*Asks:* 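Before anything else, here's the structure in question.
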Amino acid sequence: MTTPFPFTAVVGQDDLRLALLLNAVSPAVGGVLVRGEKGTAKSTAVRALSALLPAVAVVPGCRFSCDPAAPDPECPDGPHEAGTGAERAARMVELPVGASEDRLVGALDIERALAEGVKAFEPGLLADAHRGILYVDEVNLLHDHLVDLLLDAAAMGASYVEREGVSVRHAAKFLLVGTMNPEEGELRPQLLDRFGLTVEVAASREPDQRVEVVRRRLAYDDDPAAFAAKWAQEEAAVRQRIVAARELLPQVRLGDGALRQIAATCAAFEVDGMRADIVMARTATALAAWAGRTDVLAEDVRQAALLALPHRRRRNPFDAPGLDEDKLDETLEQYAGDEGDDEPDPDGPGGGGGQPAPDGGPQGDGGETAQPEAGEDGQPQASGAGEQPAARAAEPFRTRALTVPGIGEGAAGRRSRARTEHGRTTGARRPRGALTKLHLAATVQAAAPHQRARGRSGPGLVVRRDDLRQATREGREGNLVLFVVDASGSMAARQRMSAVKGAVLSLLLDAYQRRDKVGLVTFRGTSADVALPPTSSVDAAAARLESLPTGGRTPLAAGLLKAHEVLRVERLRDPARRPLVVVVTDGRATGGPEPVALAGRAARLLTAEEVASVVVDCESGPVRLGLAGQLADELGGTAVTLDELRADSIAGLVKGIQGRRAA
C-alpha cells in the first residue's frame, strides 16, 4: 500500500486544511468543495486526511460497514445483533468522473430478481464510503444526475436503489470532498449550495514557501516511508485533537448572540434560502470544539462565514466568488451581543448611497454616445479602419432555448433532444454490455414464448440473459455553441458592438445553465483566430469577449474556415456532441481576391456537414445590402437583425431551422 503524503507536511493552504479538519470533527457541516488552479495540492491534502481519521468499529462480514454498537436495522446484510466488532481504518473512496450510476449507488441482479425473487444487490461506492471519505476529483466534470444522487445521499445519510419494484436501502454517511479547476467549467448554483464549505486555493507567490514545497515533495518521493515517519508525531497530535474535538462537540453552546450574528450575516449578503444559516451554525460549533471551547465566539462566526458563504453569493457564472470582509466585520460588530436593539442603517456605512453603478459606469446610452464611432457601414473607410478599443458589453438578458435539430446522443445536458440514460422511456433494445435500465414489459414479452420449452412448472418466470431488454430513453443533451464574431472595422461602432456583446453574453449564460461547451472564433484584418477553444468555462469566454478589440478588413472566409477547423478537431475529441454555429457579422467580405466567393465556398463546407447555423445580421444604416441574409442561405440557416436580438429572436431562429429542414 502506498504511503500517503502526511497531512501536517502540506505547506500553506491553511483554509483548505481547516475546512477538511472541521468536517472530520463534524461531518454534519456538509463537506468541502475545493476550487483552484492545477498543482495546488488539492488532491494531496484530501488523500492525506484519511490517515488522520480515527479507526472505525464494524460488524465482521458486513459489506455496509455497520456500527456494531448500533447496527442499521435496514442493512441489506442484516439483521445484526449489537455487540463487539472488528476495527479497521477509515476508508477514502474515490469516485471517477466517468463512473456509471450503478457503480455509484450499486446494482441489482435483475435476472435473479425476476427468476428467483431475491434481492441480489452488489454495493456501490456509496456503501464503500460509509463512515469514511468520498472524494470526487474534478467534480465539475461529473454528470449532473450523478452529482444529484451523490448530494442527496450525503444530505439524507442513506442511499436508495430502485429497480422495477425491487428496493434496497442502506446507510451512507460520509465526508464528501470535491475538487475542481474553475477553468474547466462551473457547477450549477444549486449544486454549489449543497456543499457545506468552499475553499479557494492558489499556489504561493512567496519564493521561500515555494522552495519548501519542492524540498518536501522531493524528500517524500525519495523515501515515502522515512518522510512519513518524520512527521508521525505531528500526525498523531492532530489525530488526537480530532478525537477530543468530536467528544467535546455535543457540549458546545451556540448562544442567541452568535445565532443572531449568523442570521444577520446571511441576510446582509443576500444569501438565498436557509441552508447557509444552518451550515454556518454547524461550522461555528465545530470551530469552537476544534479550539477546545464550549462557547461559540464572534471569531468562530466570522471564520464560518468566510468558509460557508462565498460560493452561495454567486448569481451567475460571471460573478467572482468571494466575500467583502469589511462588510462582514461591520455586520458582526453591529449585531454583537444578545440584545440587537439597533436597526441596520438602510443606507449602509457612509450613507447617501454613494456606491458606483454595478458596471462601474453610467447606465443607459449615456456612456456610449460620448465614444467615437468608426465609419458608417456603407463607407469604404470602415473596412480599412485601424484598431478600436474594446467596447463594453450591454446588460445581458434572458433568452429562450436554442436547440439543434434532430435527436443526438451527446453528453447529458439541458438543451437539445437526445437518447440518454435518463428521461422518458421511448422503447427497448437488447443490452450492449451490462444491463442498466430494464424494460420490464419488453423482457416479459421476450421470455413468455419460451416458458414451456424451458420446463417452467411453477409460478416464477424463467428468464434467460437473451430475454433481457434495455429501456431506451429520451432526454436532453449539451451542445457545442461556437460563436464566430466579426471584429472588423465595419463592426467597430461602439453602440453596435456593445449590443452584440450583450447578446452573446446572454447566450453564454444560457449555455452555462444548459451544460454546453462554448467556443469563440474572431476574424479581423487578414486572418481569423480561435479566441477560445471549446470549453465548459463560460467565465473564460466572457472574459475574452469583453476584451475583444475591433478594426481592419473583414476576412469572412477565414472566419468560417477557422470555425470549420475547430469543429473538425472537436468532432475527433467528442464525436457525440453536436454543434450550433452563431455567426455575428454584417455579411461584408473584404480583402484578397474574390472575398465574397471564398466566403460562399467556406459556408458550403459547413452546410455539407449539416451544421446548424444562425447568422446575426449587424448591418445598419439607410442602405442595406442584405449580405448577411445571403450568408445565412449559404449556411442553410436563418438570419436575424441586430435589433431583434433583445426580443429573444435567436431562440426562435433555431426552431425555424427545424421547420425548414423538416420541409
Side-chain angles (χ1 to χ4, degrees), residues 368 371-394 396 481-508 518-535 538 540-566 581-592 595-596 598-599 602-603 606 613-621 625 627-628 631-632 635 639-642 645 650:
E368 299 291 353
Q371 299 294 337
E373 292 188 3
E376 288 293 326
D377 286 351
Q379 299 300 319
Q381 67 267 25
S383 61
E387 180 174 313
Q388 304 292 326
R392 172 171 294 163
V481 182
L482 181 62
F483 295 96
V484 183
V485 180
D486 183 349
S488 65
S490 63
M491 294 284 292
R494 303 281 291 173
Q495 290 180 339
R496 191 182 320 140
M497 278 308 296
S498 176
V500 166
K501 289 184 177 182
V504 176
L505 278 177
S506 303
L507 293 172
L508 284 173
V518 295
L520 179 61
V521 171
T522 64
F523 56 96
R524 57 186 290 269
T526 60
S527 63
D529 298 308
V530 181
L532 184 72
T535 176
V538 297
R544 302 292 173 86
L545 181 72
E546 190 70 23
S547 60
L548 178 66
T550 56
R553 293 188 176 273
T554 312
L556 178 57
L560 297 175
L561 289 173
K562 184 65 71 173
H564 180 268
E565 179 184 342
V566 170
V581 174
V582 179
V583 185
V584 184
T585 181
D586 57 11
R588 282 172 169 72
T590 59
V596 176
L598 282 175
L606 295 171
S613 304
V614 173
V615 178
V616 179
D617 183 359
C618 301
E619 190 176 31
S620 64
L625 303 180
L627 298 177
L631 175 62
L635 288 168
V640 60
T641 64
L642 186 61
L645 292 180
I650 285 187

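The model shown is predicted, which means the values in this text are computed figures rather than measured ones.
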*Asks:* So which atom in Ala528 and which in Ala558 form the shortest heavy-atom distance, rounded to 0.1 Å?
*Replies:*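 Closest approach of Ala528 to Ala558, heavy atoms only: CB-O, 3.4 Å.
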*Asks:* Just wondering, do Leu631 and Leu556 contact through their side chains at under 4.5 Å, heavy atoms?
*Replies:*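 Result yes, sub-4.5 Å side-chain heavy-atom pair found.
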*Asks:* Work out which heavy atom in Gly559 is nearest to a heavy atom in Val521; give both atom names and the distance.
*Replies:*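 It is O-CG1, 4.0 Å.
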*Asks:* How about Val614 and Val581: do any of their side-chain heavy atoms sit closer than 4.5 Å?
*Replies:*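 No - every pair of side-chain heavy atoms lies 4.5 Å or more apart.
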*Asks:* Between Leu635 and Leu606, is there a side-chain heavy-atom distance shorter than 4.5 Å?
*Replies:*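 The answer is yes, as the side chains (C-beta and beyond) meet within the 4.5 Å cut-off.
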*Asks:* I need the minimum non-hydrogen distance between Gly587 and Leu627, along with the two atoms involved.
*Replies:*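 Nearest pair, atom of Gly587 first, then Leu627: O-CB, 3.5 Å.
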*Asks:* Pair Val530, Val566 - check side chain to side chain contact (heavy atoms under 4.5 Å, CB included), show working.
*Replies:* CA-CA 8 Å; Val530 181; Val566 170; 3.7 Å; yes
*Asks:* Please examine the side chains of Leu560 and Val583, heavy atoms only from C-beta on, and report whether any two atoms are closer than 4.5 Å.
*Replies:*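 Side chain of Val583 against side chain of Leu560, heavy atoms only: contact under 4.5 Å found.
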*Asks:* Looking only at non-hydrogen atoms, find the nearest pair between Arg588 and Thr554 and report the distance.
*Replies:*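 So the minimum-distance heavy-atom pair works out to O-CG2, 2.9 Å.
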*Asks:* Given side chain to side chain contact (heavy atoms under 4.5 Å, CB included), test Thr522 with Asp529 step by step and report yes or no.
*Replies:* CA-CA 5 Å; Thr522 64; Asp529 298 308; 4.3 Å; yes
*Asks:* Please answer whether the main-chain N or O of Thr590 pairs with a side-chain N or O of Arg553 as donor and acceptor at a distance below 3.5 Å.
*Replies:*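 Answer holds: no.
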*Asks:* Grab the two heavy atoms, one from Pro555 and one from Ser527, that are nearest each other, plus how far apart they are.
*Replies:*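 The answer is CG-O, 3.6 Å.
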*Asks:* I need the minimum non-hydrogen distance between Ala628 and Ala639, along with the two atoms involved.
*Replies:*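 Heavy-atom minimum between the residues: O-CB, 4.1 Å.
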*Asks:* With side chain to side chain contact (heavy atoms under 4.5 Å, CB included) as the test, would you mind laying out the steps for Val485 and Leu520 before giving the verdict?
*Replies:* CA-CA 7 Å; Val485 180; Leu520 179 61; 3.7 Å; yes
*Asks:* Quick one, Leu508 with Phe483, criterion side chain to side chain contact (heavy atoms under 4.5 Å, CB included). Give me CA distance, side-chain angles, the key distance, then yes/no.
*Replies:* CA-CA 10 Å; Leu508 284 173; Phe483 295 96; 3.8 Å; yes
